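Keep in mind that this is a model prediction, so the values were computed, not measured. If you read the sequence from its start, that first residue is 1, and numbering goes on from there.
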Amino acid sequence: EARLLESGGGLVQAGGSLRLSCEASGFATDNYIMGWFRQAPGKARRGVACILVSDGTTYLIDSVKGRFAISVDASKNTMYLQMNDLKPEDTGVYYCAADLMRDDSSWYSFFNRALQHWGQGAPVTVSA
């Protein structure tokens, strides 16, 4: 059974750091795009970062550039989101997702189409 298992969420003060992990099982991620989405309280879920596993190309939204980093350890079939200098507006439930590469492998397509696999969500709360 294919699944994504997240870990690493929690409560942190503004300026602090957290690292989220997303371990894939039941499928090989070589030909996938993987990414992180965030759902802030009372708001829709939105894409934050994504990575092409095959070549490591990444994309991050402007509000997290310079603070967050997305990476993949292929040997562990695991994706990470390193979050530094966290701000209260980063609060939300973070979901990891994975989808097979398609003709359109743009970040826009990944953030806006139906994806194959989702994690269960990892709550992140940043206090002021």
S71 and Q82, any side-chain heavy atoms less than 4.5 Å apart = no
So do the side chains of I33 and V53 get within less than 4.5 Å of each other, counting heavy atoms only?
-> no
So with a 6.0 Å cut-off around NZ of K65, is the heavy-atom count from everything else above 12?
-> yes
Give me the one residue out of N84, D85, L81 that meets side-chain contact (heavy atoms from CB on, under 4.5 Å) with F68.
-> L81
Say whether, by atom type as modelled, one donor and one acceptor occur between the side chain of S105 and the main chain of R102 under 3.5 angstrom.
-> no
Rounded to the nearest 0.5 Å, what's the gap from CD1 on I61 to CZ on F111? Could you check?
-> 7.0 Å
Under 3.5 Å side-chain donor-acceptor pair for T78 and D73 = no
Are side-chain heavy atoms of H117 and Y32 found at a separation under 4.5 Å?
-> yes
Nearest atoms (heavy-atom pairs only) where F110 meets G35 | CZ-N, 3.6 Å
With side-chain contact (heavy atoms from CB on, under 4.5 Å) as the test, would you mind laying out the steps for V72 and Y80 before giving the verdict?
-> CA-CA 6 Å; V72 166; Y80 303 96; over 6 Å; no
Evaluate side-chain contact (heavy atoms from CB on, under 4.5 Å) for R38 paired with V64, printing each intermediate quantity in order.
-> CA-CA 12 Å; R38 176 172 67 200; V64 306; 4.2 Å; yes
Heavy-atom check, side chain of W36 versus side chain of I70, under 4.5 Å | yes
Any side-chain heavy atom of F27 sitting closer than 4.5 Å to one from R3?
-> no
Could I get the full list of salt bridge (Lys or Arg N to Asp or Glu O under 4.0 Å) partners for R19, not counting sequence neighbours?
-> none
When you measure from the centre of the six-membered ring of W118, is the NZ or CZ of R45 under 6.0 Å away and within 45° of the axis?
-> yes
Mind checking the CG-SG spacing from L5 to C96? Nearest 0.5 Å is all I need.
-> 8.0 Å
How far apart are the closest heavy atoms of V124 and G9, and which atoms are they?
-> CG2-CA, 4.1 Å
Hey, are the side chains of E6 and Y95 touching, using non-hydrogen atoms and a 4.5 Å cut-off?
-> yes
Atom pair OG/CG of S7 and L20 - distance to nearest 0.5 Å | 8.0 Å
Could you check if a side-chain atom of L86 sits within less than 4.5 angstrom of a side-chain atom of L18, using non-hydrogen atoms only?
-> yes
Show your reasoning for whether side-chain contact (heavy atoms from CB on, under 4.5 Å) applies to L52 and M101.
-> CA-CA 8 Å; L52 273 63; M101 291 279 289; 4.0 Å; yes
Go through the steps for N31 and L100 under the test side-chain contact (heavy atoms from CB on, under 4.5 Å), then give the verdict.
-> CA-CA 6 Å; N31 295 316; L100 270 171; 4.2 Å; yes
Do Y59 and Y108 make the cut of ring centroids closer than 6.0 angstrom?
-> no
Any side-chain heavy atom of M34 within less than 4.5 Å of one from D99?
-> no
Heavy atoms only: give me the nearest P41-T91 pair and the separation to one decimal.
-> CD-O, 4.0 Å
Could you tell me which residues satisfy salt bridge (Lys or Arg N to Asp or Glu O under 4.0 Å) with R67, sequence neighbours excluded, listed by chain and number?
-> D90
